[in-house]
2 protein chains.
Amino acid sequence: MTQARTVNADQMKAAIAEAGLRPTRPRAALIDQMAAWATAGTDFTCEELWHSAQASAPWIGRSTTFRTVELLADLGFLDRVTFADGSERYHVVQPGSHHHHLTCEMCHRVVEIDICLPAEVLETVQRSSGFALTGHRLELFGRCSDCQRHTVPVIDSVDAE
Amino acid sequence: MTQARTVNADQMKAAIAEAGLRPTRPRAALIDQMAAWATAGTDFTCEELWHSAQASAPWIGRSTTFRTVELLADLGFLDRVTFADGSERYHVVQPGSHHHHLTCEMCHRVVEIDICLPAEVLETVQRSSGFALTGHRLELFGRCSDCQRHTVPVIDSVDAE
DNA sequence: ACAAAGATGATACTCAGTATCAATAGCCGA
DNA sequence: TCGGCTATTGATACTGAGTATCATCTTTGT
């Protein structure tokens, strides 16, 4: 797997400035929290971000949290990651990098992986279906090494959920 | 692409009987509607199913619709399909078949495809990440041949959304 | 026909996210 | 520095999808 270098708060703030948007206090506070989580490899929901940010900035509104997350997602800093149980959470990533996610179904750890569908497979699909492919989404589920150690080993199957 | 033969109402009803569950009128009505959609290749949400079923069976409750969809999903007859815009809908499939979905981002057409990640790719991920893989989810997005005809051609890119 | 268990439908509720809008805070030019 | 323009904010109310509850009604096995 590839450990992408962690996105920091300044990168996100700079991107906001470059987009001609304003560097406001709420945005800064939320970005700082997200960047901290990014370093720790922690994913989050908007609700969690809001609650967490309120510890240091109780004046931040819920709407602003949703708006800021949407903004950062549009700027490419946040990916929506799907977990094995179907839940979806946000994860900070390097914008523009093409990768997919491998998530631990026990501890929710997220690992970015840079493997992808081979181009010839995509071309085969394109030819046989008549579709013009514009994108795809791949999520891998499993148990991380720590969680394997603490529980019964899973059957060595690689089928879809 | 592989056009899986369409699941019919009787198969679903038989599966319910085999599971030791009861063949009730609401279940039959909902299954008939889903089977009709399956033949037409139409996907749906619970809400849509409910409204549609009410045309012929106005006594069916909303809760029952959700319960029946969940039941059929558990029995493997329904897949949750993700579309390019992030929305999720149900789609009737042959239970037990391992496949993925290619969806048209314009008309929401769903095509089942039987291509998958090559085993060696999965093994590489497994080795390098230390994860024990247990499943995956792959969604392909594009424009179907009909929608390509009616609009400007898309850039021939195959990157993720 | 009868009782036990399964299934139903009405209702109320939760939860995540959205819409609205008056008030506020950055920005820019004078 | 001032003033005004506009982006942004936070409070509030709302929506839509899905869940919990529970009295009532069906199936089913006897």
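Chain letters run A, B, ... following the sequence lines, proteins first and then strands; every chain starts at 1.
- When rounded to the nearest whole Å, the span between OH of A:Tyr90 and P of C:dG17 equals 6 Å.
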| request: Using the salt bridge (charged side-chain N to carboxylate O under 4.0 Å, His left out) rule, take A:Asp79 and A:Arg89 through it: C-alpha gap first, then chi angles, then the decisive distance, then the call. | output: CA-CA 8 Å; A:Asp79 260 15; A:Arg89 330 188 87 230; over 6 Å; no
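- The terminal axes of the helix from C:dA1-D:dT30 to C:dA30-D:dT1, fitted over 5 pairs per end, subtend an angle of 30° to the nearest 10°.
- Under a 4.0 Å N-O distance rule, the pair A:Glu88/A:Arg80 qualifies as a salt bridge.
- The separation between B:Glu88 atom CD and D:dA17 atom P is 14 Å, rounded to whole Å.
- B:Arg109 and B:Thr42 form no side-chain donor-acceptor contact under 3.5 Å, judged by distance and modelled atom types alone.
- A:Gln54 places its CD atom 9 Å from the P atom of D:dA11, with the value rounded to the nearest Å.
- Residue B:Asp74 contributes atom CG, which lies 13 Å from atom P of C:dA7 at whole-angstrom precision.
- The aromatic rings of B:Phe83 and B:His108 lie parallel to each other, with less than 30° between the two planes, well short of the 60° mark.
- Atom CD of B:Glu47 is separated from atom C1' of D:dG18 by 9 Å (rounded to the nearest Å).
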| task | Would you give a per-nucleotide map of nucleotides 19-30 of chain D, 5' to 3', where B means the base has a protein non-hydrogen atom under 4.0 Å away, S means only the sugar-phosphate does, and - means neither? | result | BB-----BBS--
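- For A:His100 and B:His136, the distance between ring centers is not under 6.0 angstrom.
- Side chains of B:Glu139 and B:Thr103: no donor on one and acceptor on the other come within 3.5 Å.
- The nearest whole Å value for the distance from the CH2 atom in A:Trp59 to the C1' atom in C:dA23 is 16 Å.
- Between the C1' atom of D:dT9 and the CD1 atom of A:Ile16 lies a distance of 14 Å, rounded to the nearest Å.
- One can place CH2 of A:Trp50 at 11 Å from P of C:dA16, the figure rounded to the nearest angstrom.
- Taking 4.5 Å as the limit, some side-chain heavy atom of B:Val121 sits within range of a side-chain heavy atom of A:Ile115.
- Between the side chains of A:Thr64 and A:Arg27, no donor-acceptor pair of N or O atoms lies under 3.5 Å.
- Remark: B:Glu47 engages B:Arg62 in a side chain to side chain donor-acceptor pair (under 3.5 Å) (not counting sequence neighbours).
- Nucleic acid contact for B:Arg89: none, since no nucleic acid atom lies under 4.0 Å from a heavy atom of the residue.
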